[in-house]
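Below is one structure, written out as structure tokens; the observations come after it.
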Amino acid sequence: MAAKKSTEPGTESAASLHLPVLLEEILDLLQVVPDEDYIDGTVGLGGHAEAILQRSSPEGRLIGIDRDRDTLKLAEDRLKDFGNRFIAQHGSYDQTPALLQARGWKQVQGMILDLGVSSYQLTHPERGFSFLKDSALDMRMDLEEEVTARELLNDLPETKLATIFWEYGEERFSRRIARAIEHSRQQAPIRTTGELCQIVSRAVPFSYKKGRIHPATRVFQALRIAVNRELDILQAFLKQSPDFIKVGGVLAVISFHSLEDRIVKNAFRSWKQHFQILTKKPLVASDAEVERNPRSRSAKLRAIRRLA
Ligand code: SAH
């Protein structure tokens with residue numbers, strides 16, 4: 001009899017839960033050096049980290065940071081054969097300088113960020129990221145944070161919600177949807193992803209519902225970005241030039257949203273004196289990759305190398 005497929009963290013194989021995006025491209029840019037140290041600021045299920053650790057053998061170490069403890073456990077399990085060359089670190093990547101200092105690390109040869117959510121998070125309904133299954137409106141990557149999607153949805157002023165849907169979701173019916181939410185929450189608080197889906201579906205024109213993506217896709221993305229303060233964190237990280245990267249070392253960032261990509265592009269430009277831009281235009285996934293892994297559809301990869 002086939003074993004029952006469990007969804008408990010630690011009992012699934014990380015490799016099957018999430019395919020790393022733009023893997024070849026990122027390895028090409030990083031040019032991993034044996035025995036050197038690296039940071040993966042969004043280690044997720046450890047796909048990119050595994051490839052880096054393989055190439056930095058026999059002694060190179062990698063700190064893998066993630067805000068999500070469940071995810072971090074899966075990454076640890078996947079990378080256990082690397083022993084103490086892999087170091088799992090709970091936290092947010094904008095804390096990288098402090099996290100390095102706390103461990104007595106001075107500089108690393110490279111760092112990567114692969115922003116956004118993992119397929120693991122999206123497919124675990126209890127996390128509330130997905131509109132495909134009805135569950136509590138949570139969407140926190142770090143369950144130790146306080147504010148959930150439910151709170152934002154029920155507490156923010158209608159105009160603020162509309163701005164979030166417009167800016168973070170590029171949702172053209174942002175105002176209508178925010179109005180419908182306002183109506184609904186006046187009757188009773190909105191509690192589940194299913195309720196939110198229904199409200200969005202009723203608020204948008206019929207033709208929109210027949211589009212390529214589910215009509216609630218953009219609203220869910222926008223709420224997730226707001227709940228997790230994703231753009232603020234990216235900005236905070238990029239506010240300081242990454243002095244913890246060695247001369248010759250590389251920082252590579254994969255983003256999934258035009259606002260993120262713009263933040264990365266501008267930061268990289270502002271560092272031109274000390275860093276060489278390795279990607280004049282951001283690299284995007286090949287058709288074959290998009291076919292294999294739909295998450296790569298909107299991925300954009302930019303990288304820089306430290307000159308001095
Ligand atoms: N590259 C990974 C997948 C990363 S998915 C792999 O190959 O498996 C993105 C991950 O980033 C998620 O696990 C999410 O929890 C994490 N994340 C998002 N924002 C973060 C932040 N500010 N700090 C640390 N991790 C973050």
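Whatever order the structure lists them in is the order used to number ligands and atoms, beginning at 1. Atoms considered below: every heavy atom in the structure, side chains included; atoms not considered: hydrogens, waters and symmetry mates.
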Quick test: of every protein heavy atom, which one is nearest to [atom], and how far off is it to 0.1 Å?
atom: atom 2 (C) of ligand 1; value: Val43 O, 3.3 Å
atom: atom 23 (N) of ligand 1; value: Tyr93 N, 3.0 Å
atom: atom 11 (O) of ligand 1; value: Thr42 CB, 3.2 Å

Numbered atoms of ligand 1 (with element) below 4.0 Å of [X], judged on heavy atoms:
X: Ser118; value: 5 (S)
X: Arg295; value: 5 (S)
X: Met141; value: 14 (C), 15 (O), 17 (N), 18 (C), 19 (N)
X: Leu45; value: 6 (C), 8 (O)
X: His18; value: 3 (C), 6 (C), 8 (O)
X: Asp68; value: 15 (O)
X: Pro20; value: 7 (O)
X: Gly46; value: 6 (C), 8 (O)

Distance-only donor-acceptor check, side chains [X] and [Y], under 3.5 Å:
X: Ser56; Y: Gln109; value: no
X: Glu230; Y: His257; value: no
X: Glu182; Y: Gln186; value: yes
X: Thr148; Y: Glu151; value: yes

Looking only at distance, does [X] have an N or O less than 3.5 Å from an N or O of ligand 1?
X: Gly47; answer: yes
X: Asp66; answer: yes
X: Ser92; answer: yes
X: Arg67; answer: yes

Q.
Looking at Leu19, is its backbone amide N or carbonyl O close enough to the side chain of Asn293 to form a donor-acceptor pair, meaning the two atoms are under 3.5 Å apart?
A. yes
Q. Leu143 versus Arg69: any side-chain heavy-atom pair under 4.5 Å?
A.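 No. Closest side-chain heavy atoms not under 4.5 Å.
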**Q.** From CA spacing to verdict: side chain to side chain contact (heavy atoms under 4.5 Å, CB included), Ile52, Ile112
**A.** CA-CA 10 Å; Ile52 294 171; Ile112 64 167; 4.0 Å; yes
Q) Heavy atom of Gly91 under 4.0 Å from ligand 1? A)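 Contact present.
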Q) Strictly under 4.0 Å, does any heavy atom of Gln121 approach an atom of ligand 1? A) yes
Q | Thr71 and ligand 1 - part of the residue with a heavy-atom distance under 4.0 Å | A | side chain
Q: Among Asn154, Ile177, Asp155, Leu156, find the residue that satisfies the side chain to side chain contact (heavy atoms under 4.5 Å, CB included) test when tested with Leu161.
A: Leu156
Q | Criterion side chain to side chain contact (heavy atoms under 4.5 Å, CB included) against Leu307, the qualifying member of His274, Lys272, Gln273, Gln276 | A |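 Considering His274, Lys272, Gln273, Gln276, a side chain to side chain contact (heavy atoms under 4.5 Å, CB included) with Leu307 is found only for Gln276.
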Q) What is the ring orientation for Phe237 with Phe244, classed by angle as parallel under 30°, tilted 30 to 60°, or perpendicular over 60°? A) tilted
Q. Using 4.0 Å as the upper bound for N to carboxylate O, is an ion pair formed by Asp114 and Arg295?
A. yes
